[in-house]
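Here is the naming used below: chain letters follow the sequence lines, and residue numbers restart at 1 for every chain.
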2 protein chains.
Amino acid sequence: MSTPATINLSNKLSQFSDYWNPRIAAKYNGNEVRLVKLKGDFTWHSHAETDELFLVLEGALDIEFRDGVRHLDRGEMIVVPKDVEHRPFCEEECHVMIMDREGESNTGVNPSTRTRDTLEAI
Amino acid sequence: MSTPATINLSNKLSQFSDYWNPRIAAKYNGNEVRLVKLKGDFTWHSHAETDELFLVLEGALDIEFRDGVRHLDRGEMIVVPKDVEHRPFCEEECHVMIMDREGESNTGVNPSTRTRDTLEAI
C-alpha cells in the first residue's frame with residue numbers, strides 16, 4: 001500500500017473561483033468530500049438517498065428549511081438528513097466542505113439551473 | 001420534521017479537556033463525526049470495516065504509516081483507507097475532527113490502553 005495523501009483545504013480551494021460547482025477532494029466510505037465556493041441563492045431541493053453534511057471553512061452560510069433558517073459561521077457544521085428540503089444561500093462568498101454519497105447530484109431529486117451532475121476531482 | 005441543529009466545533013471542543021477520548025458531535029450516513037483532543041502517542045491499529053477521516057482543526061498532527069509519516073497542519077485532512085495500519089501522534093495538543101463508521105472502536109482491530117469502545121455524544 002502507499003501512504004495516503006494529505007489534503008490542504010485552502011490550497012484546493014485556491015485552484016478554482018466559480019460558484020456552486022463542487023470539486024471532489026476525497027472519498028470516504030462511499031461518500032465524497034466536496035469543496036465549493038458559494039455566493040447568492042441556491043434552489044430548493046432534497047436528497048433521497050443521502051444525508052448532506054456542510055462545514056463552513058470561510059465566510060458564513062445560511063440554509064433555509066421549510067420551518068426556519070439556520071445561520072452557519074466559519075467552524076460550524078450541520079447535517080441535513082435525507083429527504084429534508086433545504087436551500088443554501090449567502091450574500092457574500094463562502095467556502096464550504098460538503099459530504100454526499102458518491103455520485104449524488106448537488107440538487108438531489110430537484111434538478112435546476114444549479115445542477116452539476118458530473119463533478120471534477122481536485 | 002424539525003430543522004437540524006448547527007454544531008459549533010470550537011464550542012463542542014471547549015466542553016472537555018481529556019486526550020484520546022473522542023466525543024460524537026454528529027451522525028452522517030451511518031458514520032460518526034467525532035471531535036477529539038490529542039497529545040502524545042497513540043497505538044498502531046487499523047480498521048477492518050471503515051475508512052477513517054482526520055481533519056485538523058487546531059494544532060498539528062502526525063500520522064505514522066508503515067512506509068512513512070504524514071504531517072497535517074490546521075486545515076489539512078487525510079483519509080486512511082480501511083485495513084491500513086496507522087499511528088497518530090503529536091508533541092503538542094491538537095484538536096481533530098475524525099469520521100468513522102458508527103460504533104467503530106477508536107483502535108479498530110488492535111485493542112490497547114487507548115481503546116474507547118463506548119463514546120459519549122456531545
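- By the criterion of side-chain heavy atoms lying less than 4.5 angstrom apart, applied directly or through intervening Ile, Leu, Val, Met, Phe, Trp or Tyr residues, L61(B) is not grouped with Y28(A); the two fall into different hydrophobic clusters.
- Along residues 90-97 of chain A, the residues that come nearer than 4.5 angstrom to chain B, judged on non-hydrogen atoms, are M97(A) in order of number.
- Distance check, rounded to the nearest 0.5 Å: CD of E76(B) to CG of L9(A) gives 8.0 Å.
- For the atom pair CG of N29(B) and CG of N29(A), the computed distance is 10.0 Å after rounding to the nearest 0.5 Å.
- In this structure, chain A has no heavy atom under 4.5 Å from any part of H86(B).
- The OG1 atom of T3(A) sits 3.0 Å away from atom CG of D67(B), with the distance rounded to the nearest 0.5 Å.
- Looking at K82(B), there are no atoms closer than 4.5 Å to chain A (heavy atoms on both sides), in backbone or side chain.
- Here CD1 of I7(B) is found 9.0 Å from CG of L72(A). Values are rounded to the nearest 0.5 Å.
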Show me the side-chain donor-acceptor pairs of residues 33-42 of chain B shorter than 3.5 Å, one per line, residues at least two apart or across chains.
residue	atom	partner	partner atom	Å
R34(B)	NE	E32(B)	OE1	3.0
R34(B)	NH1	D100(B)	OD2	3.3
R34(B)	NH1	E104(B)	O	3.2
R34(B)	NH2	E32(B)	OE1	2.7
R34(B)	NH2	E104(B)	O	2.8
K37(B)	NZ	L13(B)	O	2.9
K37(B)	NZ	F16(B)	O	2.7
D41(B)	OD1	R87(B)	NH1	3.4

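- In terms of heavy atoms, A26(A) sits closest to V79(B) at CB-CG2, 4.0 Å.
- Side-chain heavy atoms closer than 4.5 Å link hydrophobic residues (I, L, V, M, F, W, Y) into clusters, and following such links, even through other members, never connects V80(A) to F89(A).
- Formation of a donor-acceptor pair under 3.5 Å by the R70(A) side chain with backbone atoms of A5(B) is not found in this model.
- Contacts between K27(A) and chain B at a heavy-atom distance below 4.5 Å involve the backbone alone (N, CA, C, O).
- Of residues 47-58 of chain B, those residues with a non-hydrogen atom less than 4.5 Å from any non-hydrogen atom of chain A are, in numerical order, T50(B), D51(B), E52(B), L53(B), L55(B).
- Note on I98(B) and W20(B): same hydrophobic cluster, where clusters join Ile, Leu, Val, Met, Phe, Trp and Tyr whose side-chain heavy atoms are under 4.5 Å apart, directly or indirectly.
- Listed by chain and number, the residues in a side chain to side chain contact (heavy atoms under 4.5 Å, CB included) with N11(A) are N8(A) (sequence neighbours excluded).
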